[in-house]
Amino acid sequence: QVQLVESVGGLAQPGGSLTLSCGVSGFSLDEYGIGWFRQAPGKEREGVACISSVGSNTFYVGSVKGRFTISREYAKNTVDLRMISLKPEDTAVYYCAKERNVGAPYCPVVKSEFDYWGQGTQVTVSS
């Protein structure tokens, strides 16, 4: 059974940092890419970052480039999202998701390309 579970998010001050983990089961991280998405109140869910299964190619949306880092942690069977220099506009519910296609060397952060989702975790950036 495919499952994705995000770690608890939390509250950070502007300029602070947080790391989210996406624990997966029921499939191999070597076969499927994992994406992180976020949804702020009143906004559409947007892709934030993704890591492909083949080649570990990464993609970041422009607003988080240089601040967020996505990585696969095989020892924990997780995909982590390290967030630094957080801004109030990063406040959102963050979701991780499994890519639909097996063995893709790229990872387009488009919702329709992902078939299983975690339940989401709240990240709030505020002073």
Under 3.5 Å, is there a donor-acceptor pair linking the side chains of E73 and S71?
-> yes
Between R72 (side chain) and S52 (backbone), is there a donor-acceptor pair under 3.5 Å?
-> yes
Can any side-chain N or O of S53 pair as donor or acceptor with the backbone N or O of E31 at less than 3.5 Å?
-> yes
Once you round to the nearest 0.5 Å, how far does SG of C96 lie from CG of L4?
-> 4.5 Å
Taking all non-hydrogen atoms of both residues, which atom of G47 and which atom of V61 are closest, and how far apart?
-> O-CB, 3.5 Å
Is the ring centre of W117 less than 6.0 Å from the ring centre of F37?
-> yes
So, Y74 versus D30: side-chain donor-acceptor pair below 3.5 Å or not?
-> yes
Between CG of L18 and CG of L11, what distance do you get to the nearest 0.5 Å?
-> 8.0 Å
Has the side chain of N57 got a donor or acceptor atom that lies under 3.5 Å from a matching backbone atom of Y106?
-> no
Do you reckon W36 sits in the same ILVMFWY cluster as F68, going by side-chain contacts under 4.5 Å, direct or chained?
-> yes
Is it the case that one hydrophobic cluster holds both V48 and V125, taking links as side-chain heavy atoms less than 4.5 Å apart, direct or via other members?
-> yes
For S7 and L20, indicate whether the former's side chain and the latter's backbone hold a donor-acceptor pair under 3.5 Å.
-> no
Approximate separation, where rounding is to 0.5 Å, of C107 SG and N101 CG | 10.5 Å
Pair listing, salt bridge (Lys or Arg N to Asp or Glu O under 4.0 Å) test, anchored in residues 113-127, at least two apart = K98-D115
For E44, look at atom CD and say whether over 12 heavy atoms of other residues, nucleotides or ligands are found less than 6.0 Å away.
-> no
Say you draw a straight line from CZ of R38 to OH of Y94; how long is it, rounded to the nearest 0.5 Å?
-> 4.0 Å
Single-linkage hydrophobic cluster V102~L29, side-chain heavy atoms < 4.5 angstrom | yes
Kindly indicate whether a cation-pi arrangement holds for R45 with Y95, taking the cut-offs as under 6.0 Å to the six-membered ring centre and within 45° of the axis.
-> yes
Any donor-acceptor pair under 3.5 Å from T58 side chain to I51 backbone | no
With ring centroids as reference points, do F27 and Y116 lie under 6.0 angstrom apart?
-> no
Exercise: identify the closest heavy-atom pair between Q122 and V93 | OE1-CG2, 3.3 Å
Check: E6 side chain, G120 main-chain N or O, donor-acceptor pair, under 3.5 Å | yes
Do you know the tightest heavy-atom contact between V64 and Y60?
-> CG2-CB, 4.1 Å
Could you tell me the separation between the OG atom of S17 and the CE atom of M83, rounded to the nearest 0.5 Å?
-> 8.5 Å
Decide whether S85 and R67 meet the rule of one side-chain donor and one side-chain acceptor closer than 3.5 Å.
-> no
S21 versus D80, side-chain donor and acceptor atoms under 3.5 Å = yes
